[in-house]
Trainee: 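Submitted below is the structure of interest, expressed as structure tokens.
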Amino acid sequence: MESFQSIASLPPLARVDPAAGFSRRKEWRLPALTYKDAGVDIDAGSELVRRIAAKAPGIGGFGGLYSVGEDSYEVVGTDGVGTKLKLAFEMNAHDTIGIDLVAMNVNDIVTTGARPMYFLDQFSTGHLDTEIAEKAIRGILEGCNQGGCKLSGGKVVENAGLYPDGVLYEMSGCAVGSLNKNALIDGSKIVSGDVLVGLPSTGLHSNGYSLARRILSMSNLSLKDQLPGADVTIGEALIVPTKIYVKQVLDIISRVEVKGMAHITGGGLTDNLPRIFPAGLGAKIRMGSWHVPQIFNWLKDAGNVEEEEMLRTFNMGIGMVLVVEPRVADKILEEYAPSYLIGTVIQGKGVVYDRLSTGLSDLCKGPGVTNEGVATLDADSQQELLQRLAGQPPRLYPIGK
């Protein structure tokens with residue numbers, strides 16, 4: 001493999017004409033990049049969780065449960081924003097990063113059916129810039145508003161000399177919610193034949209940025225350049241805030257039975273869906289059944305990233321998955337557009353992808369999807385897709401095989 005240290009001396013990856021998109025004639029092509037190449041080892045993280053879970057049973061779900069009396073649970077979750085912060089620093093875009101922070105926490109705990117009640121944050125910096133800090137915390141307040149919870153407290157920490165130059169601050173948070181015990185959604189009722197309804201993401205959300213930044217640094221484009229095939233800049237596509245699903249999800253579960261939910265974060269569909277399945281069950285995902293934002297197609301092309309790696313690193317346009325009976329899926333698809341019927345629960349283990357051999361640039365071209373990649377599936381097309389998912393596809397492509 002060629003050394004990345006000499007990347008500056010290599011020919012450019014592609015000559016980009018914003019009107020024409022990518023040139024397919026590249027003088028040189030990157031070796032296939034992975035998340036691990038960018039410094040993030042998903043397998044090591046999973047192994048650490050396994051070790052912790054052995055000493056603290058119950059670890060590994062999307063939220064921790066604490067019994068409160070005979071009837072209720074408190075559900076807690078904690079998370080940060082990751083290296084999306086570096087993007088915010090470079091773009092001087094501090095007013096929405098707090099939305100991401102709240103989203104990563106409340107989206108996790110709502111998968112249990114819990115209603116977020118309050119949020120706590122920590123803002124750490126080497127030197128307190130009150131203007132920047134105020135913008136960041138205003139974003140947290142906006143995130144709490146979108147998530148239906150209250151910012152009940154937090155901490156500002158000034159750690160002089162701790163952070164290297166260029167790191168303006170670090171943020172972390174914790175969300176607490178509650179639910180009745182008889183309303184807990186934990187995946188235990190999921191059976192083979194249930195279907196997967198995907199709710200669209202706004203982009204990368206808050207995961208995969210180490211790889212995205214690595215790809216950008218090796219391309220001949222910058223954050224200010226237009227994203228090929230789109231009408232926004234690369235920076236605008238990357239910085240868009242994480243969607244907060246709380247109000248939509250709570251409305252759905254108040255009207256129909258949802259058996260399980262997965263927040264699609266680091267690890268993508270590949271690693272997050274199995275977290276909610278009972279033993280002996282897996283998922284079959286039908287590629288081409290949802291709209292994939294253009295930023296993912298560009299990242300794959302510019303970084304020469306394999307499909308399997310894309311699906312295990314990024315959300316690929318699906319930020320939340322609901323597991324329901326087929327008859328319930330029809331109601332959700334009709335009343336909560338845009339939403340997508342993306343797969344089915346099968347006997348087995350893990351996640352398999354039908355049509356994985358199709359390039360990611362074609363993922364938007366499933367039945368009833370326009371050339372622009374905007375889903376237009378009508379009820380008949382959704383029903384046809386459901387029937388196709390229930391049958392045996394011509395080929396399955398196991399992830400990691």
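Quick note: residue numbers are just sequence positions, from 1. Computed from heavy atoms alone, side chains included, the values below leave out hydrogens, waters and symmetry copies. Computed from a prediction, not measured in an experiment: that's the story for all the values here.
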Trainee: Checking the side chain of D129 only, and the main-chain atoms of I132 only, is there a donor and an acceptor separated by less than 3.5 Å?
Mentor: yes

Trainee: Enter the distance from L151:CG to C144:SG here, rounded to the nearest 0.5 Å.
Mentor: 5.0 Å

Trainee: Would you sort out whether E131 and K135 count as a salt bridge (charged side-chain N to carboxylate O under 4.0 Å, His left out), showing the intermediate values?
Mentor: CA-CA 6 Å; E131 295 296 323; K135 290 179 180 179; over 6 Å; no

Trainee: Under the 3.5 angstrom rule, does the side chain of Q122 hit a backbone N or O of G173 as a donor-acceptor pair?
Mentor: no

Trainee: A side-chain contact here means heavy atoms from C-beta on lying under 4.5 Å apart; do I346 and L281 qualify?
Mentor: no

Trainee: Would the distance check show the side chain of N105 and the main-chain N or O of L101 forming a donor-acceptor pair, the cut-off being under 3.5 Å?
Mentor: yes

Trainee: Answer yes or no: does atom NZ of K189 have more than 12 heavy-atom neighbours from other residues, nucleotides or ligands under 6.0 Å?
Mentor: no

Trainee: I'd like to check P338 versus W290 (side-chain heavy atoms, cut-off strictly below 4.5 Å). Are they in contact?
Mentor: no

Trainee: Write down the atom of M320, the atom of I264, and the distance for their closest heavy-atom approach.
Mentor: N-CG1, 4.2 Å

Trainee: Measuring from atom CG of N180 to atom CZ of R115, what distance do you get when rounded to the nearest 0.5 angstrom?
Mentor: 11.0 Å

Trainee: For P241, does its backbone N or O pair with a side-chain atom of T202 as donor and acceptor, under 3.5 Å?
Mentor: yes

Trainee: I'd like to know if the side chain of N272 reaches the main chain of G266, judged simply by a donor and an acceptor atom lying under 3.5 Å from each other, with no hydrogens or angles considered.
Mentor: yes

Trainee: Quick one: CE on M316 to NE2 on H291, what's the gap to the nearest 0.5 Å?
Mentor: 11.0 Å

Trainee: Could you report the tightest heavy-atom contact between F123 and A136, atom names first, then the distance?
Mentor: CE1-CB, 3.9 Å

Trainee: What residues form a side chain to side chain contact (heavy atoms under 4.5 Å, CB included) with E334, not counting sequence neighbours?
Mentor: none

Trainee: Does the T125 side chain pair with the main chain of L168, one donor and one acceptor, at a distance under 3.5 Å?
Mentor: yes

Trainee: Under a 3.5 Å threshold, yes or no: a donor from one side chain and an acceptor from the other, between N315 and S201?
Mentor: yes

Trainee: Taking atom types as modelled, is there a side-chain donor on S67 or K181 under 3.5 Å from an acceptor on the other?
Mentor: yes

Trainee: Name all residues meeting the ring-ring contact (aromatic ring centres under 6.0 Å, His included) criterion together with Y73; count only those two or more places apart in sequence or in a different chain, and write none if there are none.
Mentor: none

Trainee: Between CG of L322 and CG of L196, what distance do you get to the nearest 0.5 Å?
Mentor: 9.5 Å

Trainee: For N207 and T265, what are the C-alpha separation, side-chain angles and deciding distance, and is it a side-chain hydrogen bond (donor to acceptor under 3.5 Å, both in side chains)?
Mentor: CA-CA 6 Å; N207 294 99; T265 56; 4.5 Å; no

Trainee: Compare every heavy atom of A114 with every heavy atom of L250, then report the nearest pair and how far apart it is.
Mentor: CD2-O, 3.9 Å

Trainee: Indicate yes or no for a side-chain donor-acceptor contact from E309 to the backbone of E306 under 3.5 Å, with no hydrogens or angles considered.
Mentor: no

Trainee: Could you report the tightest heavy-atom contact between L269 and V321, atom names first, then the distance?
Mentor: CD2-CG2, 3.8 Å

Trainee: How about H94 and N92: does a side-chain donor come under 3.5 Å of a side-chain acceptor?
Mentor: yes

Trainee: Can you confirm if the aromatic rings of F89 and Y169 lie within a centre distance of less than 6.0 Å?
Mentor: yes

Trainee: Any ion pair linking E134 and R138 (charged N to carboxylate O, less than 4.0 Å)?
Mentor: yes

Trainee: Say you draw a straight line from CG of L179 to CG of L65; how long is it, rounded to the nearest 0.5 Å?
Mentor: 7.5 Å

Trainee: Indicate yes or no for a side-chain donor-acceptor contact from T313 to the backbone of M310 under 3.5 Å, with no hydrogens or angles considered.
Mentor: no

Trainee: What closest approach, in Å, do Q347 and S192 show between heavy atoms, and which atom pair accounts for it?
Mentor: NE2-CB, 3.6 Å

Trainee: Please confirm whether the backbone N or O of L128 pairs with a side-chain atom of E158, one donor and one acceptor, at under 3.5 Å?
Mentor: yes

Trainee: Quick one: does N107's side chain have a donor or acceptor within less than 3.5 Å of a partner on A103's backbone?
Mentor: yes

Trainee: Are I318 and L199 close enough that some pair of their side-chain heavy atoms sits under 4.5 Å apart?
Mentor: no

Trainee: Any heavy-atom pair between the side chains of V68 and E74 that's under 4.5 Å?
Mentor: yes

Trainee: Is a side-chain donor-acceptor pair under 3.5 Å present for S72 with S178?
Mentor: no

Trainee: Verify the distance criterion only: is there a donor paired with an acceptor across the side chains of S172 and E170 at less than 3.5 Å?
Mentor: no

Trainee: What distance do D100 atom CG and K243 atom NZ have between them, rounded to the nearest 0.5 Å?
Mentor: 14.5 Å

Trainee: Measure the shortest side-chain to side-chain distance between I109 and F62 over non-hydrogen atoms and say whether it is less than 4.5 angstrom.
Mentor: no

Trainee: Is there a donor-acceptor contact under 3.5 Å linking the side chains of R214 and Y209?
Mentor: no

